[in-house]
Amino acid sequence: MTALTVLGATGSIGDSTLDIVRHVGLPVYALSGFGRLDKLFKLCVEFRPSRVGVPSDKVDEFAGRLKSANLAIDVVGGQNGLMDLAGDKGADKVVAGIVGSAGLRSTLSAVWAGQTVLLANKESLVMAGELIMSTARRHGATLLPIDSEHNAIFQCLPRAVQDDNTAIHRSEFGIKKLWLTASGGGFLHKSYDEMKNATVAQAVSHPNWNMGSKITVDSNTMMNKGLELIEACHLFNLSDAQIDIAIHPQSIIHSMVEYVDGSILAQLSSPDMRVPIAHALGYPNRMDGGVKSLSLFEMSALEFIRPDKNKFKSLDLARHAIRTGTGACVALNASNEVAVSAFLDGRIRLTDVADTVERVLDDDELGADFGKSFDEPEGILALDRRVRDRTDVYLRDLND
């Protein structure tokens with residue numbers, strides 16, 4: 001049976017993964033959590049992993065709680081602990097579910113170790129796609145996407161392309177284009193002014209998906225789709241010109257692959273993250289993850305809408321970044337994370353998020369590094385820190 005390490009076990013991806021684990025009865029080798037340590041403790045009591053990762057300053061306290069509960073679990077701390085868990089071959093599959101740039105080092109560690117990585121941390125590929133993909137090829141790691149859109153595309157590709165993404169260009173497979181679908185979020189049918197005046201409560205609500213605050217805000221600005229576009233370029237070895245985006249408000253068709261003979265293959269399911277996670281957990285076979293089947297007779301009409309690029313400028317910003325280079329993608333992600341945090345703190349408006357990212361991407365001093373490629377994570381993280389500092393300056397200017 002597959003033994004799992006779940007990084008980010010207390011987040012939404014961890015919740016969905018562990019729900020499948022309960023349903024199927026898979027063993028859990030290791031868990032990690034950051035801010036919800038009471039929840040992590042309960043998961044340790046329930047699943048009894050061999051190892052657990054917590055913040056560095058919480059190791060002794062957490063180890064004491066486990067000892068008091070008669071649980072003999074190895075406790076590791078901080079980024080080094082996460083990297084150790086990610087590369088530990090006691091697990092057959094590693095779920096990379098840590099949100100944002102914080103998940104980069106552990107994802108890379110799992111790839112360096114040649115693990116099978118269930119990738120939910122899209123920011124790792126946005127920031128370090130070239131490095132991660134080249135490292136995976138060199139060390140024999142397998143990347144299985146569990147974002148619903150990328151998993152849908154993966155399912156619709158020929159097995160040879162699933163095994164080797166360079167095969168996507170072979171003429172016999174006839175792959176013409178990839179289609180990423182987007183729900184359009186809660187502001188799809190609202191005006192730009194309504195979006196500008198949105199409250200935090202409105203922006204962290206989503207009509208179809210139950211996700212964390214940051215990813216929900218990204219979905220409502222469609223930056224999430226911009227990040228997914230960059231991720232798809234790396235995962236499937238295509239340029240952004242071969243990837244299109246369609247708003248599909250029902251979130252039933254999760255993405256599509258268009259072929260040269262006029263066929264379009266699509267993956268359909270209810271908007272439930274357990275579907276793509278169960279696919280990756282069982283791959284190359286299938287497993288019952290406890291998800292209710294989609295009822296074709298209860299479905300409403302399936303709509304497809306072109307994105308409004310004026311309201312959702314994040315999409316063009318993402319295309320600009322992937323065409324410019326790795327450094328620009330680092331800047332896109334870092335400035336967005338800082339700006340979203342500022343919005344969630346009530347310091348800026350929702351529409352200021354994309355405007356701030358655009359300003360950072362136009363920064364001449366930072367721009368000298370935007371076309372760079374990186375062969376190690378230190379350079380990426382150094383640029384990430386510089387961008388965050390500059391974004392803070394721009395946000396202060398915005399509020400003056």
Side-chain angles (χ1 to χ4, degrees), residues 2-24 26-88 90-111 113 115-124 146-147 204 209-216 218 273-274 277 280-281 337 340-341 344:
T2 296
L4 295 180
T5 288
V6 184
L7 304 178
T10 58
S12 60
I13 293 297
D15 288 343
S16 295
T17 301
L18 294 173
D19 193 51
I20 297 169
V21 167
R22 292 183 185 97
H23 183 76
V24 178
L26 295 174
V28 174
Y29 178 72
L31 299 170
S32 83
F34 182 76
R36 302 171 184 156
L37 296 189
D38 287 341
K39 180 176 180 179
L40 183 64
F41 177 76
K42 291 178 182 178
L43 293 176
C44 288
V45 172
E46 178 180 3
F47 293 105
R48 298 180 178 267
S50 298
R51 309 188 70 193
V52 63
V54 298
S56 297
D57 61 347
K58 300 295 183 181
V59 170
D60 292 341
E61 176 186 343
F62 201 82
R65 291 183 68 182
L66 293 174
K67 184 177 180 181
S68 297
N70 294 317
L71 293 173
I73 299 174
D74 177 41
V75 184
V76 296
Q79 277 289 350
N80 288 338
L82 286 175
M83 292 164 65
D84 186 31
L85 293 185
D88 191 330
D92 303 301
K93 292 183 177 180
V94 177
V95 178
I98 298 173
V99 175
S101 60
L104 174 59
R105 286 188 181 275
S106 55
T107 300
L108 266 172
S109 293
V111 173
Q115 300 276 49
T116 295
V117 183
L118 278 61
L119 190 64
N121 175 251
K122 64 174 63 65
E123 292 85 358
S124 292
I146 55 175
D147 268 347
V204 298
W209 296 93
N210 181 19
M211 306 178 289
S213 295
K214 193 268 182 182
I215 193 172
T216 304
D218 282 349
M273 281 305 301
R274 291 176 298 172
I277 295 171
L281 286 174
E337 285 191 16
V340 169
S341 179
L344 291 172

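When reading the values below, keep in mind they use all heavy atoms of this one structure, side chains included, and skip hydrogens, waters and symmetry mates.
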Any donor-acceptor pair under 3.5 Å from [X] side chain to [Y] backbone:
{"X": "Lys214", "Y": "Val340", "value": "no"}
{"X": "Ser32", "Y": "Gly8", "value": "yes"}
{"X": "Glu123", "Y": "Gly103", "value": "no"}

Do [X] and [Y] come within less than 4.5 Å of each other through their side chains, counting heavy atoms only?
{"X": "Leu71", "Y": "Val45", "result": "yes"}
{"X": "Leu43", "Y": "Val6", "result": "no"}
{"X": "Met273", "Y": "Ile13", "result": "yes"}
{"X": "Val59", "Y": "Val76", "result": "no"}

Is there any side-chain hydrogen bond (donor to acceptor under 3.5 Å, both in side chains) pair reaching into residues 58-87, and which pairs are they, with sequence neighbours excluded?
->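 Every pair satisfying side-chain hydrogen bond (donor to acceptor under 3.5 Å, both in side chains) with a residue in residues 58-87: Asp38-Arg65, Arg51-Asp74, Arg51-Asp84.
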Distance from [X] atom [atom1] to [Y] atom [atom2], nearest 0.5 Å?
{"X": "Thr5", "Y": "Leu118", "atom1": "OG1", "atom2": "CG", "answer": "11.0 Å"}
{"X": "Asp88", "Y": "Ser50", "atom1": "CG", "atom2": "OG", "answer": "8.5 Å"}
{"X": "Leu18", "Y": "Leu26", "atom1": "CG", "atom2": "CG", "answer": "10.0 Å"}
{"X": "Leu7", "Y": "Leu31", "atom1": "CG", "atom2": "CG", "answer": "9.0 Å"}

Ala96 versus Val117, closest heavy-atom pair with distance | CB-CG1, 4.1 Å
